[in-house]
Amino acid sequence: MSLTLEKFGISSEKTLLFLFILKKNGEIISFNNRCELLFPLDKNKIEGKLITDFIIDNDVSVFLNSVSGLSDDNPLINISLNFPTEKQGVVSIKFDFKLHNNLIYATGIDTTEEYKEHRALLTISKLAKTGAWYFNPKNNEMYWSDGCYLINELSSCTPITREKEISFYPKDARVRIKSFLDNLIKDKETYEYTEKISTEKGNEKWVKVVGQPVIYKDEVVYVNGTITDVTDRYNYIEKLKYSEETKHLALKGIQSGLFDYHVKRNEVFYSSDFKKMLGLPLDQDFVAEEEFRKMIHPDDVEKMLTRRYDNFNQDDNYYYNYYRLKHINEGYRHYEVYGFKRKNSKGETTRMIGNLIDVHQKKINEKTIVESKNRLQAIVNNGFAYTILLDTKGTILMTDEKSVKIINRDFNVNPNEVSCRFIDVMPLNFKNSFAHEFNEALKGNIVKKEIERITHKGDLQWLEAKYTPVFDQGKTVNSVLVSFLDITERKLAEIAIKESHIKEQELNSLKSNILSNFSHEIRTPLNGIMTVTKLLLDEEKPDEREKLLEYLEESKNRLLDTINNLSNFSEIEAIKKNINVQKLDINYTIETSHREYKHMAEAKELTYQLELDKTSPQVRIDKDLFRAAINNIIHNAIKYTNKGSIIIKVNSKNSKNNVYISITDTGIGIDNENLKKIFDPFMQESIGMSRKYEGTGIGLSLSKRYIEILDGKIEVKSEIGKGTEFNIIIPKCL
């Protein structure tokens, strides 16, 4: 049940959760004190504003698109929103949005530590030569990770400011370095530069710095960045670029695959061993580029030229390509090409030096891995179970197509393409036991569990969950295979067998009841007939003979009633085909039945009342069929009531379509177990040798069938020792 505004106000303040109530357009109706962290305004000025006024710009469209999908059929979504704050920087909150009565109830938790950018920065900070930093332009606060202090050879306890950070650069570069951050705050665009610094200990290093803006209301509220020590790479490139001697030494020292490409002359120098492998002329120092191109696999030439053209037109000095080359004594082998480009003043590539690296075995291995993965995926997809492979952290490594469809449908995520934890994309009723079973599997145990769930279509489904540990060569669990086998048919069969067994027991009991019931109901009047007949033969007094004849008539009528009831029950289908429906005044019909049993109620000194509907509603019924049903119920009410009252009511004033007839008694009542079976044939509240009341038990079953034939309904409620109320609903004539 969703929180009301009153409950929201009372129970929300002693929690670490962020709680909102919003309109569908994002207007804030109410929030708890925890949310004041996210708002720079006075608390009394928040209500009535839009939540989009307080989140960073990139998240505005995320919020609007998400809440537009909320509906009665899809009332729940999960999204993360980021709020700029003065004290804690950008705070990330993961919300559950629930739609109820056209309001959005939002429950959020602080996930700043898990926020992607923050997590990436923390990860980068752990690298030996990379650091993460951020800057808050609102209060000029700057933060360095341990990696930043390490690169600058500065104690990690030293307070860092923007001025301190710029002081590590040469004096003639400081204005330019400062302008990068100033321009980012003004233009809101990421920057990147490589520059020399002098560390706290006086050592010179080359660093690559990247800054990225976080924008709120078209204003930079935060800057995230990285700094990387590129001294080794920079020195190597400088040597390669400016030292011909180093180049020639490299040519002599590295034979296979080394090349020097003169673009304007269209000539390439290759090492001797490499030319031998490819079958190129050995008597030439340089080989025409067209000659070398003939060695490339025909299917790779066009793509190779496209990649080379694109690479030559890039501003940087690095070159990368790949293709297959034909060897003289064997087929084509895979190569990757790495090079350094020299450009002229116009930015045109004039020369390139580099190396061809044989990656043929690597490509074969990759192909084998892909083929093996495809085979495994095919096995998984064509199995009878839902199959999910997890790493030891619970992240999905692979899953079958059926599971992908379900996860994609419910969470809009493809776990085979996007990394995600299984616990974040599983149905709610799986979560209760997942952690226990998963941890048991990590200990090396195979775990099985049956799960009962409701599918998105509303169908009942049973699954057998199996958690199987997967071991590496060191016999350590490195992953867990989770399979869900649909055992719905098996469970339904088990239930059907149980129900069949119960039904068989009920039928056996019913058979005994029928035999006992009819034996009693037929034997009693027959015994009466035989006894009275014998007495009549010997009796000579007229008064006594008259009494005996009355007893004989009663026994005869009782025997006929029993046989008629049985006959009517067996001929119910024939009755359906031959009903005589008429438009009748329901008051008159009910009054007739009431009058018929008045003498029986008076004989037991019961209060016997009838309350008719003043509107005299008309109904279309078979008079005989309807009266037979009503008579059975009235007769039973009187029969099972020893003191108190029988009240019959007819009412239709609160319904345009139906007439409601109730027969209420203060009799013995019916217990809950027998109340479920009261309309079953041959059932009575007391049966067999302990029975207190006469009858076949067919009457109520016939009444129910007769009422249903007339498109009506019959209901009953009862309490032991207090009485029973039967309610009959019959459609009006409209």
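- Residues Ile151 and Val207 meet the side-chain proximity criterion, which asks for heavy atoms closer than 4.5 Å.
- A salt bridge links Lys208 with Glu192: the closest approach of a Lys/Arg side-chain nitrogen to an acidic carboxylate oxygen falls below 4.0 angstrom.
- Using modelled atom types, one side-chain atom of Asp57 and one backbone atom of Asp218 make a donor-acceptor pair closer than 3.5 Å.
- One distance of note links OG1 of Thr158 with OH of Tyr149; it measures 6.5 Å at 0.5 Å rounding.
- Partners of Lys24 under the salt bridge (charged side-chain N to carboxylate O under 4.0 Å, His left out) rule, at least two apart in sequence or in another chain, do not exist in this structure.
- Between the Thr395 side chain and the Asp391 main chain, no donor and acceptor come within less than 3.5 Å of each other.
- Using a 4.0 Å cut-off between charged nitrogen and carboxylate oxygen, Asp182 and Lys178 count as a salt-bridge pair.
- Side-chain contact between Ile51 and Leu22: present, with at least one pair of heavy atoms (C-beta onward) separated by less than 4.5 Å.
- Taking the charged nitrogens against the carboxylate oxygens, Arg34 and Glu36 have no contact shorter than 4.0 Å, which rules out a salt bridge.
- Contact of the Tyr191 side chain with the Val210 side chain is not registered, since no non-hydrogen atoms from C-beta on lie closer than 4.5 Å.
- Side-chain N or O atoms of Asn445 include none that pairs as donor or acceptor with a backbone N or O of Ala441 at under 3.5 Å.
- Atom CG of Asp72 is surrounded by 12 or fewer heavy atoms from other residues, nucleotides or ligands within 6.0 Å.
- Proximity of a side-chain donor or acceptor of Thr488 to a complementary backbone N or O of Trp462 within less than 3.5 Å is detected.
- Using a 4.5 Å cut-off on side-chain heavy atoms (C-beta onward), Leu81 and Phe63 make contact.
- You'll find the side chain of Phe95 reaches within 4.5 Å of the side chain of Phe20, heavy atoms only.
- Taken from NZ in Lys449 to CG in Leu463, the straight-line distance is 12.5 Å, to the nearest 0.5 Å.
- A salt bridge between Lys704 and Glu708 is present, with a side-chain N of the basic residue lying under 4.0 Å from a carboxylate O of the acidic one.
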ask   = Can you check side-chain contact (heavy atoms from CB on, under 4.5 Å) on Glu165 and Trp133, steps first, answer last?
value = CA-CA 11 Å; Glu165 183 258 345; Trp133 59 272; over 6 Å; no

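- To the nearest 0.5 angstrom, Met426 atom CE is 13.0 Å from Ile406 atom CD1.
- No donor-acceptor pair closer than 3.5 Å links the side chain of Ser655 to the backbone N or O of Ser652.
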message = Run Leu390 and Val482 through side-chain contact (heavy atoms from CB on, under 4.5 Å) and show every step you take.
response = CA-CA 8 Å; Leu390 307 177; Val482 186; 3.9 Å; yes

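- We find the CG-CD1 distance between Asp96 and Ile77 to be 9.5 Å, quoted to the nearest 0.5 Å.
- Within a 6.0 Å radius of NZ in Lys217, more than 12 heavy atoms belonging to other residues, nucleotides or ligands are found.
- Nearest approach of Thr392 to Ser479, heavy atoms of both residues: CG2-N, 4.3 Å.
- At least one side-chain heavy atom of Ile56 sits less than 4.5 Å from a side-chain heavy atom of Pro84.
- Listed for the Asp613 side chain is a donor-acceptor partner under 3.5 Å among the backbone atoms of Thr615.
- Remark: Asn78 CG to Lys94 NZ distance equals 6.0 Å, nearest 0.5 Å.
- Taking the six-membered ring for Trp and thresholds of 30 and 60 degrees, Tyr193 and Phe180 have nearly parallel ring planes, at less than 30 degrees apart.
- Here the side chains of Ile21 and Ile104 are not in contact, with every heavy-atom distance at 4.5 Å or above.
- Between Phe83 and Phe39, the distance separating the two ring centers is not shorter than 6.0 angstrom.
- Ring centers of Tyr105 and Phe97: at least 6.0 Å apart, outside the cut-off.
- One N or O on the side chain of Asp400 and one on the backbone of Ser403 form a donor-acceptor pair closer than 3.5 Å.
- Of all non-hydrogen atoms in Val413 and Ile407, the two that sit nearest each other are O-CG2, 3.5 Å.
- Around atom CZ of Arg490, more than 12 heavy atoms belonging to other residues, nucleotides or ligands sit under 6.0 Å away.
- A distance of 6.0 Å or more separates the ring centres of Tyr222 and Phe135.
- A distance-only check finds a donor-acceptor pair linking the side chain of Asp59 to the backbone of Asn82 [under 3.5 Å].
- Without hydrogens or angle criteria, Asn408 side chain to Val404 main chain gives no donor-acceptor distance under 3.5 Å.
- Between Phe484 and Tyr467, the ring planes lie perpendicular to each other; the angle is over 60°, past the 30° to 60° tilted range.
- Taking all atoms of both residues into account, the shortest heavy-atom contact from Val619 to Val659 is CG1-CG2, 3.9 Å.
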inquiry  = Between Val480 and Leu442, does the side-chain contact (heavy atoms from CB on, under 4.5 Å) criterion hold? Intermediate values first, please.
reply    = CA-CA 7 Å; Val480 175; Leu442 291 178; 3.8 Å; yes

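- At distances below 3.5 Å, not a single donor-acceptor pair connects side-chain atoms of Asn101 with backbone N or O atoms of Leu103.
- Separation of atoms NZ (Lys405) and CG (Asp410) is listed at 14.0 Å; rounding is to 0.5 Å.
- What you find for Trp144 and Met142 is that their closest heavy atoms are NE1-SD, 3.9 Å.
- When all heavy atoms are compared, the tightest approach of Asp110 to Ile93 is CA-CD1, 3.9 Å.
- With respect to Lys188 and Glu219, no salt bridge is recorded, no charged nitrogen being found less than 4.0 Å from a carboxylate O.
- Electrostatic pairing of Lys443 and Glu440 counts as a salt bridge here, judged by a charged N lying under 4.0 Å from a carboxylate O.
- Of all heavy-atom pairs between Gly48 and Glu27, the closest is O-CG, 3.4 Å.
- Under the 4.5 Å side-chain criterion, counting only non-hydrogen atoms from C-beta, Thr476 is not in contact with Phe471.
- Side-chain atoms of Asn439 and Glu437 include no donor-acceptor pair closer than 3.5 Å.
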task = Kindly determine whether Glu715 and Lys713 satisfy salt bridge (charged side-chain N to carboxylate O under 4.0 Å, His left out), including the steps that lead there.
result = CA-CA 7 Å; Glu715 300 170 348; Lys713 289 173 60 179; 3.8 Å; yes

Derivation and outcome, side-chain contact (heavy atoms from CB on, under 4.5 Å), residues Thr724 and Thr664 = CA-CA 6 Å; Thr724 303; Thr664 307; over 6 Å; no

